Amino acid sequence: MRLARALTAFLSVVGLSTAALGVAAVARDGVAAASYRELAREVAAVDDRAGPSRSADDRDPQAGVDWGALLAQNDEVCAWLRVDGTTVDVPVVAAEGDDPDAWLYTDLWGSPSETGVPYLDHRCDPEGRLMVVYGHRTAYESYLFHDVSPLYEQGSLDAVGDATWQTPVSGTLTLAPLCAASVAMDDGRWQRFTAADEKDLRAWLSWALEEADATRSDAAACAGSAERALVLVTCNGRAYHPETRTVAVFVAPGAGVDGDS
């Protein structure tokens, strides 16, 4: 009987401690989410009144990012990323080769963070043919790449809108969702960071369509005319599969793209 009471007391303490940790994690997530939402209002002409999942109507399509204000907060920002129909509305920083994953657990303002800030792979150019961006799937608040996570499901991909990629050099590029997949985190076939030319890019996109779990209805035509591609990578939250990642591909035709070296 004493053992049973002791065990019950112990489990109660563990339960309370776990609950306290959970509450603290929720609070931290809330603070981080609020910081990025406030940043979007300040520098990226976002109207939050429509709710957390934004469409193209929630912002002024003619308004750009206030790069002066944004770069004053972090001069390593290389782009601003939005995905219509989601809460993705975030700065993207450029990773460095000597510490390529530093931003995974460092926020935009340089502080340690469980959710970090989305970052461009150090092997990519923000003006290049192929841009690969990593971001956390947040657990308690819908921000950063939370809404990218389910895009490997056909219904989620069908519902998502265009991505916009804004840089201080080239302005705004609009990219359409092409396909998405749930992949093993060490699957090297999905790890492409440059494309020598349009033919090389389109060949990889055609391969991606064959391997994808979800594709748009006119995916082959979109891939065949693509001149640039944006690849978003995050954890996909599949139960019992912590080693899997969501890879979502967006494409755009265009002219004057810089070739990758």
Side-chain angles (χ1 to χ4, degrees), residues 29-30 32-61 63-66 70 74 77-95 103-104 107-108 113-121 124 126 130-153 155-167 172-182 214 216 228-237 245-252:
D29 225 21
S35 296
Y36 283 112
R37 288 169 186 154
E38 180 62 27
L39 178 72
R41 286 192 292 270
E42 290 178 358
V43 306
V46 170
D47 181 357
D48 270 348
R49 291 173 298 177
S53 292
R54 304 185 183 103
S55 70
D57 296 332
D58 301 331
R59 55 184 168 79
D60 179 354
V65 172
D66 183 343
L70 181 55
N74 186 327
V77 173
C78 64
W80 189 277
L81 170 66
R82 287 191 177 106
V83 180
D84 289 337
T86 77
T87 56
V88 177
D89 195 5
V90 290
V92 178
V93 296
W103 294 106
L104 192 62
D107 70 17
L108 179 71
S113 167
E114 295 174 349
T115 52
V117 62
Y119 60 100
L120 181 71
D121 190 279
C124 298
L130 184 58
M131 297 90 71
V132 179
V133 180
Y134 309 102
H136 274 288
R137 171 190 176 273
T138 52
Y140 304 104
E141 290 271 348
S142 182
Y143 72 111
L144 298 183
F145 278 13
H146 180 279
D147 291 353
V148 175
S149 176
L151 292 184
Y152 66 91
E153 299 173 343
S156 295
L157 187 72
D158 291 342
V160 78
D162 290 343
T164 54
W165 178 258
Q166 297 184 62
T167 71
T172 301
L173 175 71
T174 301
L175 305 101
L178 179 72
C179 65
S182 174
R216 64 182 293 132
R228 299 184 71 179
L230 172 68
V231 181
L232 308 182
V233 183
T234 192
C235 296
N236 62 25
R245 301 291 181 267
T246 294
V247 178
V249 183
F250 295 74
V251 296

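Keep in mind that this is a model prediction, so the values were computed, not measured.
The closest side-chain heavy-atom distance from Ser182 to Arg245 is not below 4.5 Å. Between Leu104 and Tyr134 there is no side-chain heavy-atom pair separated by less than 4.5 Å. By the 4.5 Å heavy-atom criterion applied to side chains, Leu39 and Leu70 are counted as neighbours. At least one side-chain heavy atom of Arg216 sits under 4.5 Å from a side-chain heavy atom of Pro177. The side-chain heavy atoms of Phe145 and Leu81, taken from C-beta on, include a pair separated by under 4.5 Å. Contact check for Leu144 versus Pro118: side-chain heavy atoms found under the 4.5 Å cut-off.
Partner of Arg82 under the side-chain contact (heavy atoms from CB on, under 4.5 Å) criterion, out of Thr172, Asp89, Val90, Val65: Asp89 alone. Of the residues Thr138, Thr87, Thr115, the one that meets the side chain to side chain donor-acceptor pair (under 3.5 Å) test with Tyr143 is Thr115.
The minimum heavy-atom distance between Phe250 and Gly161, with the atom names listed, is CE2-O, 3.7 Å. Scanning both residues, Tyr152 and Ala214, for their nearest heavy atoms gives O-CB, 3.5 Å. In terms of heavy-atom proximity, Gly116 sits nearest to His136 at N-CD2, 4.1 Å. Summarising the geometry of Ala252 relative to Leu173, their closest heavy-atom pair is CB-CD1, 4.0 Å, with the distance given to 0.1 Å. Of all heavy-atom pairs spanning Leu151 and Ala248, the tightest one is CD1-CB, 3.9 Å. When all heavy atoms of Leu108 and Val93 are compared, the closest pair comes out as CD1-CG1, 3.9 Å.
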Start with the C-alpha distance between Val148 and Thr86, add both sets of side-chain angles, then the distance that settles side chain to side chain contact (heavy atoms under 4.5 Å, CB included), and finish with yes or no. CA-CA 8 Å; Val148 175; Thr86 77; over 6 Å; no
Verify side chain to side chain contact (heavy atoms under 4.5 Å, CB included) between Val133 and Tyr119, making sure each step is shown before the conclusion. CA-CA 5 Å; Val133 180; Tyr119 60 100; 6.0 Å; no
Does the side chain to side chain contact (heavy atoms under 4.5 Å, CB included) test come out yes or no for Leu232 and Val83, once each step is laid out? CA-CA 11 Å; Leu232 308 182; Val83 180; 4.2 Å; yes
I'd like to know whether Asn74 forms a side chain to side chain contact (heavy atoms under 4.5 Å, CB included) with Trp103, so could you lay out the CA-CA distance, the side-chain angles of the two residues, the decisive distance to 0.1 Å, and finally the verdict. CA-CA 12 Å; Asn74 186 327; Trp103 294 106; 3.3 Å; yes
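Side-chain atoms of Thr234 come within 3.5 Å of backbone atoms of Gly135 as a donor-acceptor pair (strictly under, hydrogens ignored). Using a distance-only test at 3.5 Å, with no hydrogens or angles considered, no donor-acceptor pair links the side chain of Thr167 to the main chain of Ala79.
Under 3.5 Å, the side chains of Asp162 and Thr174 contain no donor-acceptor pair of N or O atoms.
Residue Glu42 holds its CD atom at 9.5 Å from CG of Asp66, rounded to the nearest 0.5 Å.
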